[in-house]
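A quick write-up on the structure given underneath.
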Amino acid sequence: MAGNSRSSIHGQWSSRWVFVLAATGSAVGLGNIWKFPYIAGENGGGAFVLVYLICIAVVGLPVMIAEVMLGRRGRQSPINTMKSLSQEAGASPLWQLLGWSGVLAGFLILSYYSVIAGWAINYVLEMGAGTFSGSSAGQVKAVFDELLADPLKLTLWHTLFIIATMVVVARGVRGGLEKAVTFLMPALFMLLIILLGYAMNSGAFMQGLAFLFTPDFSAITGKGVLIAMGHAFFTLSLGMGAIMIYGSYMRSEDSIARTAIMIVAADTVVALVAGMAIFPIVFANGLEPGAGPGLVFQTLPLAFGAMPGGLLFGTLFFILLFFAAWSSSISLIEPAVTWLVENRNMKRVSASIVCGIATWALGMGTVLSFNLWAEVKLFDMTFFDLLDFLTANIMLPLGGLFVAVFVGWIMSRQSKADEMATKHLFAFRAWNFLLKYITPLAVVVIFLQSTGLLAKITA
Ligand code: PHE
């Protein structure tokens with residue numbers, strides 16, 4: 001059966017452009033602006049950035065194309081898509097597990113993502129109230145520390161963010177998702193450019209660039225490489241079905257490869273611009289690049305507090321950061337919601353409520369991990385650290401690995417060629433080759449080296 005004859009019961013994007021915006025909305029989020037700078041800072045800068053960029057090119061892009069293609073061919077929730085497509089390929093129904101692990105990963109990620117997005121909400125208010133005007137680095141840090149020490153405040157913003165997410169998800173593809181993404185992404189990008197302009201004049205621009213782009217391989221560890229690869233999946237929303245479900249709403253006539261390239265490029269540019277805006281500010285103010293999850297919240301307010309018009313730009317910036325997080329969070333939970341609609345016969349609204357409550361409850365663990373439970377650790381990680389590590393560095397790369405194996409080895413060439421409808425035979429072959437050999441190899445090697453096993457095997 002040609003995948004093109006299926007259509008999704010959940011709807012379809014109204015144009016190719018909307019798919020690009022929605023998928024970019026999913027990809028561009030806290031990962032780019034909050035996470036990328038701080039993990040780059042913690043892992044020594046240049047070499048980490050280089051490994052990340054290589055992973056984006058040889059692992060991220062091919063898996064992005066593969067996930068969009070699977071989604072569009074299956075046109076159902078990732079779980080049911082994997083069920084139909086494994087049937088179509090005469091493969092084991094166990095491939096559904098790929099969908100299940102994605103649903104679980106999305107749920108786990110959203111639970112902490114929402115808490116961090118809540119910080120952004122808090123900063124909209126602080127910025128708008130002028131808290132940071134003329135503040136010193138110490139004062140800015142104190143505001144951040146105070147926020148983290150306050151479980152009630154964190155809970156309030158976390159609750160608000162989950163509600164915002166679920167309202168959009170409940171309204172469905174056209175009513176909710178489309179409307180939310182069409183103008184936010186361009187606006188966010190504009191503000192990043194303004195920040196970049198400020199950073200250029202901060203006096204430490206070259207130092208910031210050198211930190212980000214001069215690879216010093218002695219600064220990166222095996223674990224750093226794993227984190228860089230994990231982040232390539234995280235930032236592109238891969239390995240958990242978000243891009244798959246968005247692909248399932250894509251029109252049959254649109255080109256998958258070209259679209260995927262645009263999304264990957266946009267996501268990467270946003271992360272690099274965020275890094276180039278943040279590190280000069282870090283160095284100009286004698287801050288610590290390895291400050292951890294608070295990095296953007298401790299650097300940008302300092303810049304806004306010192307620049308003319310900073311009150312306005314700063315407030316706008318955190319509003320847009322909130323929106324960027326919002327357009328990502330809806331895609332985190334969409335796979336679970338569509339499954340409940342398809343298999344449990346639920347209405348979209350009820351399915352969204354159920355998912356929202358469950359994620360909210362789990363998110364309380366993250367809220368507490370910054371204060372009351374800060375000392376509760378497993379493998380030396382707090383609840384938040386553990387969820388982040390497990391999802392971004394283990395579950396997503398595993399999900400991506402299995403997507404690559406399924407598309408590279410299990411799916412028939414005919415099905416792939418049908419869906420890709422490409423005139424560029426060379427590009428198609430190159431993509432197929434990457435998926436078959438390079439992507440799985442890269443993921444496995446990075447997993448092994450991060451545990452030290454590779455060194456033992458090759459010794
Ligand atoms: N890509 C998003 C970000 O960078 C996070 C995300 C991960 C969204 C996985 C959906 C799925 O913030």
Side-chain angles (χ1 to χ4, degrees), residues 21-40 52 55-56 59-61 63-64 67-68 71 77-78 98-99 101-120 161 165 168-169 177 180-181 184-185 188-189 192 227-247 260 263-275 293 296 320-338 355 359 387-400 403:
L21 284 169
T24 310
S26 166
V28 174
L30 295 173
N32 306 61
I33 295 164
W34 160 73
K35 193 172 181 190
F36 170 71
Y38 95 74
I39 55 178
Y52 155 79
C55 287
I56 291 281
V59 180
L61 181 62
V63 172
M64 169 78 71
E67 260 198 50
V68 176
S77 73
L98 182 54
S101 97
V103 164
L104 179 65
F107 167 71
L108 298 177
I109 295 174
L110 181 57
S111 81
Y112 70 81
Y113 202 83
S114 163
V115 177
I116 314 290
W119 299 356
F161 188 79
T165 301
V168 177
V169 175
L177 309 189
V181 293
L184 299 170
M185 290 303 118
L188 178 71
F189 195 67
L192 274 177
I227 294 174
M229 173 181 72
H231 189 65
F233 286 100
F234 183 87
T235 190
L236 294 175
S237 304
L238 297 176
M240 52 72 58
I243 291 296
M244 207 188 283
I245 192 73
Y246 276 11
I263 299 162
V264 170
D267 185 81
T268 310
V269 169
V270 172
L272 294 178
V273 171
V296 279
L320 289 169
L321 183 59
F322 163 76
F323 278 115
W326 198 6
S327 60
S328 300
S329 65
I330 44 194
S331 69
L332 280 163
I333 205 70
E334 181 76 6
V337 169
T338 46
C355 291
T359 340
L387 276 190
D388 174 43
F389 189 84
L390 181 72
T391 52
N393 302 335
I394 313 276
M395 295 179 81
L396 299 188
L398 269 184
V403 165

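This chain uses plain numbering: 1 for the first residue, then up along the sequence. Whatever order the structure lists them in is the order used to number ligands and atoms, beginning at 1. Values below: all heavy atoms of this structure, side chains included; hydrogens, waters and symmetry mates excluded.
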Main-chain N/O of [Y] paired to [X] side chain as donor or acceptor, under 3.5 Å:
{"X": "S328", "Y": "V28", "answer": "yes"}
{"X": "W34", "Y": "I116", "answer": "no"}
{"X": "S101", "Y": "M395", "answer": "no"}

Sub-4.0 Å atoms of ligand 1 with respect to non-hydrogen atoms of [X]:
{"X": "A27", "result": "1 (N), 2 (C), 3 (C), 4 (O)"}
{"X": "G29", "result": "3 (C), 4 (O), 12 (O)"}
{"X": "L30", "result": "12 (O)"}
{"X": "S26", "result": "1 (N), 2 (C), 8 (C), 10 (C)"}
{"X": "S331", "result": "10 (C)"}

Task: Heavy atom of the protein closest to atom 9 (C) of ligand 1 (residue, atom name, distance) - done: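 Nearest neighbour among protein heavy atoms for atom 9 (C) of ligand 1, to 0.1 Å: S237 CA, 3.5 Å.
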- [ ] Just need the protein heavy atom nearest to atom 1 (N) of ligand 1, so name the residue and atom and give the distance.
- [x]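 Ranked first by proximity to atom 1 (N) of ligand 1 is F234 O, 2.8 Å.
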Open item on the list: Checking T338 against S77: is there a side-chain donor and acceptor pair closer than 3.5 Å?
Closed with: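 Short answer, no.
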Open item on the list: Assess, by modelled atom type and distance only, whether the side chains of T359 and S111 contain a donor and an acceptor separated by less than 3.5 Å.
Closed with: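 No.
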Open item on the list: Counting only nitrogen or oxygen atoms and a 3.5 angstrom limit, does L396 reach ligand 1?
Closed with: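 No, no N or O pair falls under 3.5 Å.
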- [ ] Check K35 against ligand 1 and report side chain, backbone, both or neither, counting heavy atoms closer than 4.0 Å.
- [x]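 Looking at K35 and ligand 1, no heavy atom falls under 4.0 Å.
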Open item on the list: Parallel, tilted or perpendicular: which one describes the rings of Y113 and F161, with boundaries at 30° and 60°?
Closed with: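 Answer is tilted, since the angle falls between 30° and 60°.
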- [ ] Look at ligand 1 and say whether Y113 reaches it with a heavy atom at a distance under 4.0 Å.
- [x]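 It does, in that a heavy atom of Y113 comes within the 4.0 Å cut-off of ligand 1.
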Task: Side chain to side chain, Y112 and I109, heavy atoms closer than 4.5 Å - done: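 Result yes, sub-4.5 Å side-chain heavy-atom pair found.
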